[in-house]
Each structure stands twice: as C-alpha cells, then as structure tokens.
**Student:** 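Handing you a structure now.
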Number of protein chains: 2
Amino acid sequence: MDVMGGFQGFGYGEWMLVEELFDAARLHSLETVFTIGNGYVGTRGGFEEGFPRGWSATLIHGVYDDVPVVYTELANCPDWLPLLVVVDGERFGLDKGEVLSYRRQLDLRCGVLSRYVRWRSPGGKTIDILFERFASLADRQVLCVRCQVTPVGCDAGIEVQGSINGYSENLGFNHWELLNQGKTDKGIWLQVRTRSSRIELGMACEMRVSGAEFSLETSMVPGYPTLSAQFPAVSGQTVTVEKLVTVFTSRHVENPVNEARGKLGELLGWSVILETHEKAWNDVWEKSDIAIEGDIKAQVAVRYNLFQLLIAGSRYDDRVSIPAKTLSGFGYRGHVFWDTEIFILPFFIYTQPAIARNLLTYRYHTLPGARRKALHYGYKGAMYAWESADTGDEVTPRWAMPNDPYAEDIRIWCRDREIHISADIAYGSWYYWQATKDDEWMRDCGAEIILDTAIFWMSRVEWNTQQERYELREVIGADEYHEQVSNNAFTNRMVQWHLQRAIFVYEWLGQEFPEKAAELAQKLQLTPERRTRWQDIVQNIWIPYDASTKLIEQYEGFFQLEDINLTDYEPRTKSMQAILGIAGANQRQVLKQPDVLMLLYLMRQSQEFPYDADTLQKNWDYYAPRTDITYGSSLGPAIHAILASDLGKTAEAYERFMQAAMVDLEDVRGNAADGIHGASAGGIWQAVVFGFGGIQFLGDEPIANPHLPPGWTRLKFKLHWRGKWHEFDLHPFVEDGEDGEEITSTSLSPLSPSS
Amino acid sequence: MDVMGGFQGFGYGEWMLVEELFDAARLHSLETVFTIGNGYVGTRGGFEEGFPRGWSATLIHGVYDDVPVVYTELANCPDWLPLLVVVDGERFGLDKGEVLSYRRQLDLRCGVLSRYVRWRSPGGKTIDILFERFASLADRQVLCVRCQVTPVGCDAGIEVQGSINGYSENLGFNHWELLNQGKTDKGIWLQVRTRSSRIELGMACEMRVSGAEFSLETSMVPGYPTLSAQFPAVSGQTVTVEKLVTVFTSRHVENPVNEARGKLGELLGWSVILETHEKAWNDVWEKSDIAIEGDIKAQVAVRYNLFQLLIAGSRYDDRVSIPAKTLSGFGYRGHVFWDTEIFILPFFIYTQPAIARNLLTYRYHTLPGARRKALHYGYKGAMYAWESADTGDEVTPRWAMPNDPYAEDIRIWCRDREIHISADIAYGSWYYWQATKDDEWMRDCGAEIILDTAIFWMSRVEWNTQQERYELREVIGADEYHEQVSNNAFTNRMVQWHLQRAIFVYEWLGQEFPEKAAELAQKLQLTPERRTRWQDIVQNIWIPYDASTKLIEQYEGFFQLEDINLTDYEPRTKSMQAILGIAGANQRQVLKQPDVLMLLYLMRQSQEFPYDADTLQKNWDYYAPRTDITYGSSLGPAIHAILASDLGKTAEAYERFMQAAMVDLEDVRGNAADGIHGASAGGIWQAVVFGFGGIQFLGDEPIANPHLPPGWTRLKFKLHWRGKWHEFDLHPFVEDGEDGEEITSTSLSPLSPSS
C-alpha cells in the first residue's frame, strides 16, 4: 500500500482508499463508504466486533419483505461478520481500552476490506489485530472474514467468537423469523425466513485457526449460533482465525440451509478462495476500468464509484435491479428508480453488457406489476412504478410522516405523477439494443417493454381540442421541486421519442420476427388503429419550445413563476426546498435537478431534437443558474459536468464532476450514511466517457472528442460496441511543450469480448 | 387444582383457569389470556422455551419509545423468560418430539402461571417438565420463573439455559440498543436503552439448581447473556432450576443495571419470594374479589377479568395509566383511551382507591400535553388526547395504512373529533372525589383537570345565532360509526355536565382552599367573565331531546339516516362497518356502540337528566336493536347488560354480560391476540356491582337493589365508600321454595381500609 494523497481523513493510492483515523462521528457514512460486495450480496463496512449504534447491514439482491408505509424493503440479512476478540477476558472494541494505531483500507482492485488496530485493553494488554473480509466475486455464495492477532510485548489468553447474528435489523425492524439452527462437524448454521414474503435463508459458517493450539466450542443461543475458539497467544506470534461463510436463499434453491451446509463442506482455504476472487476482479477491471493520469484524487474517486457499481450490478439474476442506494444502505429501502436506466445503465451497457441485460430484463419480469399499476390508475398497457421492488408494483410511499404528532404528514406525489419512468426504461432498452445489437433480447423482452408502455402513453395523453394538440397534464418532470405541472417539456418529448421508437421496434419485429410480432399484436392488442394513434401523438404532442429564442419552457407556465437568484441564498448548507418550503419552491423558478437540460443531455446521444449546440447554450444560460446543484438532487452534478464540458466551461465541468465523484467519499450532502449514491456513480462514468472523453456513437464506431480536465495527462478506458471492444487512450493536446487544447488520440483496438 | 367446568378447551375451578390441550392455532390469543403481572410489569403467556412466530412480550408501565405512524408505543422489554431445556442434546419444544401430556394453568388467587408437559424427545427420552412463573406483587422489581425436570423411565443428561433476551420486538421492531452486559458472581446482567426516548433498562438474573450435581457456565453472546446449567438427571428424580430476575428502569432509578445487580444479590429463595407474593395477593383479593355462587363459569370469568385489571393498574407510579390492552399485547400500542376513566376506573375507585388515584393523577401530569393539543387545534385550555401515552400529546395515528400499495390509506379522525374524552376524564375525577372525599387530590390535581378542560369547552363550542344555542359541530360521539356529526347528544350533555361540575368545583375550592383557588384563577385565567360564560353554555347548549317522546336523537340529523334492520344481516362474523363499508355505516342508523344509551348509563349514577326509567325504556327500544353489539365495539356489551338488567330483561342482560366476560377467554371477537380488552373487564365489574347488584350511592351509603341472574345463589363483594368498607352479601329472593323476584339481603359491615 502506498498512500499517494489524502482528503478529509482519507489517504489513497491509485487503487486504495485508506481511513487513517477512526472518527465515531462518521461511523454511519463510513459504513457506507466501505461497503463490499459481489453483485449478489452487499455488506456495509460495519465492524466485526460491532460498535454502539452501528448500522451494520448485509443486503442480498431481491430479498424484500413487507414494512409499513414504504410497503417493502430489502431485508437486512443475518450478519455474517461477528468476530469478537476477547483478550484475557476483556472484549476488544474501539469504544473501550486504547486505540494505539488504526488503519482501515479498501483495496478497489480486488474488493478486500482490511483493518489494522493496535489496541491496549483496559487491563493493559497490547495486541495487534488485522481484520480482512471479502465477498467472493468468483463464487457469489461465499463470504470470508478473518482476523490475525499478535500480542505485543505480552502473552495473553485469547478467545475469538465467530457468530451468525440472526437479529440484524433495518433501523430497528427485524425481518426474520428463526426457523432452526444447529451445528455440524465443521461449524454452525442458521435457518431463517422473512416474515411476510416468506423468503428462506440459510447461512453456515466454520472457523479455522492456525498459529496456536486451540479449543473450539459451540454455543446455541437462539438466533445467534456461535463458534468460540480459545488459545494462548505468545508475544510477537500471530494467530489467524478464518471464518468462512456460505449463504443461500429460497429465491434460487429449494433448501437454502442444506445448500449452505453442503457448500461449506466443500470450501478450500482462505488463500485459494481469495485467489479465484482476485482473478475474477482482474477480469472485471480489464473491461470496466478507467485509468486517469495526472489527477490521483480523480483517479481513486472514479475507481471507487465504478467499484461500487460493479458490486451492485446483478451478475447472476435478471429478476433484480440496482436500488438507488445499491446494496449499501437503508435509504430508499432498496427501491429501484429511473436512476438505474438513465444514470447507471450506460456504464454496464458499454463495459459489462451481460449485467446491463440483467438490469433491463428485471423490467421485463416486472411488466405484470406495471400493468397492475396502469389498471389501478385507470390506464392501459404498462405504467412502470416510480419506485419498484420485487414485483414491479408501485411502492413509492404515499406519505412522509414526521414523528411530531402535530406536524402535518406530507403527501408524496411521485407514485401518481412522475410518469416519465416508463419512457426512461424504453430509453435504456433502446440504447442497450443499439450498443449490443442483442436482437434476441429485444425480441423476447425489450419489444414488449417498449410497446406496452407505448400503449400506456396512448391512454395517458389528453387531446386538447382547443389547441389541437396532445398534452400530458398533472405530472412531475425530472425536476421534483415542481409537483403538479402540465406539459413538462422533458416528459412530453421523452414520450414522443418513446412512441417513435415503439413504431420502429414494431416494424422491425414484423420484418425480422413476424411470429413474435403477431404474438405481441395479439397479446397487447396492437391494432393498426393504435399504431396510427401513436403516429398522431408523435406528430401532435406539444413541446413547449420557442424556435426563435431556442428556449424550452420547463413546463407550461414555468416562465410566469417568480424568478429567483440563487446566489442571494449563499452560503447555504441545505436545499432550496428546505429553505423555501415545498410550496415556496413550487412557486419559484428554482430546480432541484436538470430538467430541460436533462432532456438535452438525453437527446445528445443521437443528436436529436431539441439538442444542438446553440439550444444547449441558450438553455444552459437560463436553467443552470436556477438549478439547486449543490443541495438539490445528487443526480444533477454529473449531468451538468458533461454539458458544461460540451460548452467549454472546463472549470465548472470539473467542479461538478468532483462534486459528484466525492458525494459519498466526502459525504458532500450529509446523507452518505443512507447508502451509496448509485445514480451519481453512474453519472461519473458518463461524465468521464461522454463528457471528458467526448465519446459519440454516430457512425458505426464510437469516436472520441476529448476535453480532458486541466492536469489530466492521460485517460484510458474501453468500450464494448456491437460485439467489439474499443480501447481509448486519450492525451491532452500538447503544443510547443505547453498544455493546450486537448486533441483526440484514439486507438481503436478490437478485442474479443472475453478479453 | 380441582377442575369444575370447562369451555372452549379450558377447564376451570373457582380460582383457576386451565388449558388442557395445546393448540398452536390459538397461540397468540392464549399468550394474551395467560398474561401475568404485578401493576408494574406485564408478561404475556409465551413459553419459556419459545415457539415459532410467538408474540412473547414483557411490557413495563411508562416505557414508551418512538415508532412510525403511531408515534409511540410501549416497548417490548428484554425477555426474562427464556429457560431452554436440552435433553441429551435435543432441545425441548412443543413443536418437536411428542407431547404426551400437557396442562397450562393460571392460579388467579396468586397470579402464578404454571405449565406441565410430559414430553418424549425425538431421540426417545421421556421427561416431565413443570414450569412456573410469577411477577412478585410484593416487590415489583422481582420476576421469578423456574422449571422442574424429572426423567421418566430413563436417565438423561440435561442442560437448562436461562437467558435474558435483549432482542425482544414489537411485531418485528426492536426498540432497544445494547449498552452493556456481563456476569457477576451470582449471575448475568444486561443494560439496554430505548432508541429514541432513551429510557435505560437494567435486568439481572441468576439460576439456582437443586436436586442434582451441576455445573454452571456463562455465555456472552451480544444482547443475549445466558447461564447454562448442566447436570445428569436420574429417572424419577426431580431437579429444580430457579431463575430469579430483577429489573429496573431509568424512569425510577438513576442507574438501573446497578440496582438490578444489587437487588439480585439480596434476593432470598423462590419459596420466600412466593410467600410474600401470595400474601400481597391475599390482601388485594380481600378488597377486590367478587364471589359468585351458583354459576362457576361466571365466577371464574369475573375473577379472571378482575385479575387482569389488578395486574394492569399502576400500583407504584402516578405518571402512567392503563392502556386499552393493558400490559398484555401490542394492540393500540399501549395508548390510553377513555376506556380507563369510564370503564375501568370504577373498579379501582371502589376497591383499590390508591390505584384509582394514580390513574387520575396521570391525567394531571399530562395536562401540558393536553394544552399543547388545544393550542395546535387553535383552542384554549386543555384538550385531552384521544390516544395518550407518556406526555399526554395526541398520539392517535392519522392513518390506517394497508400494505397493498394500491389500497387507499384510511384517515382516522378520532384525534381531531372524538373530543368527549376531556369530559370523560372530568367525569372520572368527579366520581373518584365523590367516593373517596379525597379533597387533597381534588385540590392539587382534580380541580386543575376539571377547570382547564372547562376552558377548552368554552373555546370549542359555537354559538348558533339563528337558533340561539350553543352547539358542538364536527365531532365523533361515543359511537364511532358516525365520523363527522354535529350536536351529538352524548357529547353535548357531557360537556354541560362537565361545566356544571367545573362551576361547583371552583366555588368549593374558593371556600375550602382560597389560596389554591386564587392560584388557579391566576394560572388558568379563570376570570368571572369566563365563569359566567360557562353558566351561559350550561343553560344554552343544545341537547337533541324530544320531551314529548322522551327520545334522544343521537345527533342532529341521525333520524334522517337510512334505517337498518340488523337481523337482516344475521348470521354474521364481522362488524357492520366491515359489511357496509365506512361510508355505508356512516349513512345508516347503525351504531358501533351505545351512544345515547351510554349517556343514559353515565347519568344513571346520580340519576340526572336525561336519565329516568321511561326515557331509558324508550331509548333502549330505539337504539339497542340498531347497535352492532356483537362485532362493533367491545365496550358495548357490559353497558347493555347493565341497562337490560335495569329494564328487567334478565336473559338479555346475562347474555351481554357473558359476551363481555368471555371476550378474551373465548376470543369472542377474534382479536384477543392483541391484548386484554381492559374496558370490557372494567365493564364486567360495573355490570356485576351496578347492574346485577344494583348498587347506588344516592344517600350517604351505597345501597344494593339486586337483580341476580338466574342460577346465581349468592353474590358477595366489598365497596370502599368515603373512608369505610361496605360488604355486600346478596341472595336471590326465595318465595314458597321457588326462585322468584330477587330481594336485597345486604349486610353493611364497616371495615377498616386495611382489612
């Protein structure tokens, strides 16, 4: 480990994030930051020995259970971490004794989290403890944690207790019923089931001790089976206790606890498991890495964000997606938003297309829920949930409920009105198809998604007889500060775009797979009249755009709202909605996040209306200063970074970029404790590749038109496009020995997908 | 134990309730039924060894903590029961092996719950296990549980694990943070704290083994400290394992865990603790018992209901009251309703006045919350919470929230509209004072309650200029099927009654305690103008009463609602609201519970307007057939029993009486699992004493005018009235050797209060 820089208590290397001093005030946000995982399970960076009021959590894709108000949430699974070290009868903990030395580090190259502590017990014994953990990327069911203890200048009697803690909780709520527990020759096991969704989980674990003579005991407290190793430890000699854990759920196997026990019996040792795990990570980074030279902070921050996406993307299961807070926290309860398709998906489309396919296939499997939602609201086709979980039914809470009995409950309207999600999913599906040419997926899944949501739009638009145009009334656009608006430009244009693609896809299907086209025509009642109606809507839906000024009105009447000068409110540490109140923000020209600019960004990929350089400039000048980019939505900064880069605003682009990149590492918004900002992480990849790299897919191949931030001497990444890998190795343009305007230096080297 | 009768799987004796066969389908309702307690703590009848999906609970008065939607709830405290018996490595449980014999019984005379099981382990060992438990009535901090194990026809290695389980939960939610745990010479201890309210709790426990050589070990799994006794057991020889537990909270002591450890060190053995406990119970029953001869089922049911009230009434603390479901379940989350003052309080006033005083003083201590509520709603004075907890602030949930994401949330209006609670509390205060002549309490607490709520009424009434009368609009009366009504006769008359008493109390205070009167006049701004306004309201508030027909209209417009014939809906197994829907019941002349009849009942005590025999008859004939007495509110049947008895409807009176008496024992309404129906239990006492005993307090002494139900050969009880005990020993009137009209046979024998 070579530390090459530092920020806010962190040191780092190119592949390494290091916490050099434990600060209990940052307990929860650093639990988030040090989340590890393997695309199946995510485990927050809580301590093996626990800590008072810690929010330890292990979340597994798809393991949802009922909970009041928010309907369902990812259940915090039994905790596999507990490894208590007792030194001459005194239990090690960072809240007692004396911490003489401390270092926690996450190796991004292989996802191993380690922590070194030199601790003096209240009784005066000094001991070095090194904890390490990882969730195997090579074998998703295997979780490993170990500690190495070394007495310093003393001998000591040591006990290490390794448990499975069945009392994990989601901020107080325990989703699990204990079914059974027991011991085997090799270890202990626990069998539990979620209360409502009845998902069974089996976890088994064993401990292996080396470096001392030891005795091993088992204790069977209900819900908390424990292995306890006791040994004498001699000054300067290291004893290693490895705890190997297996976990299965009934989402994939019939008898999870049997599988867990069986798998445990087959496990080789720590070093073998680690080796295959590291190899798996090498393969992943080979495709997904972004190398930056000249800006070590940006380098580690980018890799950190990609790491968090890579451990959250479902590698094994196409019935789950990536929650807004990944598998790293309780924020948004594991619900899935447009964050996935619009912000996160491109990274996977272009570097891990198999994962992108899983994410989109989740939307295919949840079509029945989207149809139930449409039916509930009196519409046709499929209306995707603003917040989606296991079934695709709408699980956005209706209320934000303060605990003060006299405070008003606040109605949350997104479930009813933030309808653009259906177009966003179509958008993600379309660009996955464009990038991969995965016709099979489009035939089997994508077409039905795009077509049945198109039917929804047909039932959702209203015909304005006076104005002779289609409209969408009572919506929430991308900007959530305005909760009940009509003819939101973003939504209306996305719907138009969506219906254009639906018409195209249906025609393509009819040509390429006429049987499938006939089947869907039958199933979805895709009559010629309906398709004609789509065309009519495409031609006549209103986009509030003034061709003379090129200014797009965010929604009908937005320009009539009271104007605002955000600089008048600086400096501030909270959102404009918190300052002005919900009604106050609603009544003013202040945006939580890009809306017109978001539309321009989405239309930029194919350079479609209304995207052009001049329109971008005009609308940027209007909307950017009115956007609460610091404390509004975390989805905004990366998008602003890209557009600012397009506009040659290098300094602002970089500032926004770093604001997004550090959102969790520096806890920029004060809510990192709730989990990783997944959309921001996805935006970071887009900002580097599409923004600074200037990648476009206009012809048959991706082309770079880079604008590297000042100081970046090299930017390297790969993209997978239509069956081939394209490697980009970009440098700034150097003129007369000085850094000047950047210039493209693209090497296109097709690689086999397996490279 | 001599079983003298049986019903629905129960056997019983005069003082004994026996479950003779374990039925897992009744698990939760029987956990409620077998609740024990001591006026400080209540513990549901869950098993010492646990049972899958059990709702074990130990609730302590006043230990509330925050929870979403319902604001606050009694936190399920660490479980002191766990006593796991392991027979040759196999853990005893009713869900495994073979149950050869089973009996669970609650001894009402001394509150000892015992359970005998003969069990054959899967491995074929047969063992007798006798569990016993009680919460000491002599020493509220002491809880005792023990098991006696006897191998039958075999020898066995036995392990008994006694734990403190810190993972107790309220239907999934664990309110406790672990602070610390440990072991002492004598046992183990646990220190925890509620998450939000920061109430600290300390629990300590030790185990004593007799009858075998044993070894004792301690295990320290976080949050679940455990003592484990191992011993060889020989066929036919009984080994006894006593687990003695102490519990303290920071509501009463500064360092609860120290107190718990200290107290544990002082404890004598099981038999000594049990002896003082039994003596305490003897003293209680000496005052509070009702003896019935000739109807063993009624006898045990009445004693059972009184037992449940006696263990719920706060004996030590005047800052808590009795929750609607006592300390026996999660229903209504430990919130306190009018159930206490109107239904439960009389039993305590006349048999345990010190407890009655505690219950009412709770309302005095929560006046600040009632004032905050008044302020919030824009009124003056004190407006009591419909649902009250630790602070007296309103904690009625605003919403009933189904988990179906498409079902509508149902607004609960009681917090806003069910305002009669303030008059109900004045009513309870008044009759406590009448019965006890506790002038000191009226001076220090009662007067401020009655006067500041009178100020609230003054600000709440509206003057109808056209009709020249005071009105109360937008209320919910006693009958909750009608959610937004005006001029509810019950509410308006109670307010009139309340203001009359307020005027009286203020005058009395001025005469007896002029300084206190001046102090309150200052504090509450009791100007002469305000008192004149009270008088004006008394004279001019509208009671919808037709003097010619003597019929009281439940509220303005009630008689215009669609009429209903409830017999048309028989047989049914759910409430009329469930059948008709909320709006459907609202629109019809169907009552959830007595409303006009409730008013008549409350005015019966002092024979005030509108109570008289003719008015009762007329209104009974109208309202009783329109009341959903079977599946509406559980508060109804006991009141109907009393009024039916007044009207000579002996059969109906008895039917309603038994319906109330068996509500939990026979789970008449299917919701006994949620906890004891405390108001119904209080109504039972009133039905026996005021209804069948016909007790009235018209002169200086209570007079009986009994109407004993058929078959009752003797009814015996005591009442405390103005410093003296009055004993009643009532018999039916016997004429010519046949049962005929009952006649009074009252012996008035003044007893000292301590007798």
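So that the names make sense, note that chain A is the first sequence line, chain B the second, and so on, each numbered from 1.
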**Student:** Report the option among Glu217(A), Glu177(A), Met220(A) that has the most heavy-atom pairs separated by less than 4.5 Å from atoms of chain B.
**Tutor:**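 Heavy-atom pair counts peak at Glu177(A).
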**Student:** Under 4.5 Å from any heavy atom of chain A, what part of Asn170(B) do you find: side chain, backbone, both or neither?
**Tutor:**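 No part of Asn170(B) comes within 4.5 Å of chain A.
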**Student:** Tell me, for Glu169(A) versus chain B, whether the close heavy atoms (under 4.5 Å) come from the side chain, the backbone, both or neither.
**Tutor:**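 Answer is side chain: those atoms of Glu169(A) sit under 4.5 Å from chain B.
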**Student:** If you draw a 6.0 Å radius around CZ in Phe330(A), do more than 12 non-hydrogen atoms from other residues or ligands fall strictly inside?
**Tutor:**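 Yes.
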**Student:** Go through the atoms of Ala407(A) and report whether side chain, backbone, both or neither lie under 4.5 Å from a heavy atom of chain B.
**Tutor:**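 Only the backbone of Ala407(A) comes within 4.5 Å of chain B.
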**Student:** Quick one: what part of Trp399(B) sits under 4.5 Å from any heavy atom of chain A, side chain, backbone, both or neither?
**Tutor:**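 Only the side chain of Trp399(B) comes within 4.5 Å of chain A.
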**Student:** With a 4.5 Å cut-off on heavy-atom pairs, point out which of His175(A), Gln161(A), Arg91(A), Arg415(A) contacts chain B the most.
**Tutor:**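 Answer, by heavy-atom pair count under 4.5 Å with chain B: Arg415(A).
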**Student:** Using the ring of each side chain (for Trp, its six-membered ring), is Tyr167(A) parallel, tilted or perpendicular to Tyr167(B), with breaks at 30° and 60°?
**Tutor:**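 Ring orientation of Tyr167(A) relative to Tyr167(B): parallel.
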**Student:** So for Val67(B), is it side chain, backbone, both, or neither that comes closer than 4.5 Å to the heavy atoms of chain A?
**Tutor:**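 The backbone, not the side chain.
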**Student:** One pair to check against side-chain contact (heavy atoms from CB on, under 4.5 Å): Leu27(A) and Phe47(A). What are the steps and the verdict?
**Tutor:** CA-CA 10 Å; Leu27(A) 180 70; Phe47(A) 297 140; 4.2 Å; yes
**Student:** Let's go through Ile164(B) and Asp79(B) carefully: what are the C-alpha distance in whole Å and the side-chain angles of both, what is the deciding distance for side-chain contact (heavy atoms from CB on, under 4.5 Å) to 0.1 Å, and is it a yes or a no?
**Tutor:** CA-CA 6 Å; Ile164(B) 302 172; Asp79(B) 189 4; over 6 Å; no
**Student:** Quick one: of Lys373(B), His376(B), Arg372(B), who has the most non-hydrogen atom pairs under 4.5 Å with chain A?
**Tutor:**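 Ranked by heavy-atom pairs under 4.5 Å with chain A, first place is His376(B).
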**Student:** What orientation do Tyr379(A) and Tyr377(A) show, parallel under 30°, tilted 30 to 60°, or perpendicular over 60°?
**Tutor:**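 Tyr379(A) and Tyr377(A): parallel rings.
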**Student:** Between Thr72(A), Val395(A), Asp393(A), who has the most heavy-atom pairs with chain B when the cutoff is under 4.5 Å?
**Tutor:**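 Most heavy-atom pairs under 4.5 Å with chain B: Asp393(A).
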**Student:** Less than 4.0 angstrom from a charged side-chain N to a carboxylate O is my criterion; do Asp416(B) and Arg411(B) meet it?
**Tutor:**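 Yes.
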**Student:** Distance to the ring centre below 6.0 angstrom and angle to the axis at most 45 degrees; does that hold for Arg333(A) and Tyr71(A)?
**Tutor:**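 Verdict for Tyr71(A): no cation-pi partner in Arg333(A).
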**Student:** Contact part of Pro402(B) toward chain A, heavy-atom cut-off under 4.5 Å: side chain, backbone, both or neither?
**Tutor:**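 Backbone only.
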**Student:** What part of Leu171(B) gets closer than 4.5 Å to chain A, counting heavy atoms only: side chain, backbone, both or neither?
**Tutor:**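 Contact with chain A is through the backbone of Leu171(B) alone.
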**Student:** Is the NZ or CZ atom of Arg53(A) both under 6.0 Å from the centre of the six-membered ring of Trp55(A) and within 45° of that ring's axis?
**Tutor:**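 Because its charged atom misses either the 6.0 Å distance or the 45° angle limit, Arg53(A) does not stack over Trp55(A).
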**Student:** Test the Arg195(B)-Phe173(B) pair against the cation-pi criterion, namely NZ or CZ under 6.0 angstrom from the six-membered ring centroid and within 45° of the ring axis.
**Tutor:**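 Ring-cation test returns yes.
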**Student:** Do you know which of Asp409(B), Asn403(B), Asn174(B) has the most heavy-atom pairs with chain A at a distance under 4.5 angstrom?
**Tutor:**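 Option with the top pair count is Asn403(B).
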**Student:** Side chain, backbone, both or neither: which part of Val70(A) has an atom under 4.5 Å from a heavy atom of chain B?
**Tutor:**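 Neither part, no heavy atoms under 4.5 Å.
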**Student:** Quick check on Asp95(A) against chain B: is it the side chain, the backbone, both or neither that has a heavy atom closer than 4.5 Å?
**Tutor:**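 Contact with chain B: none, neither part.
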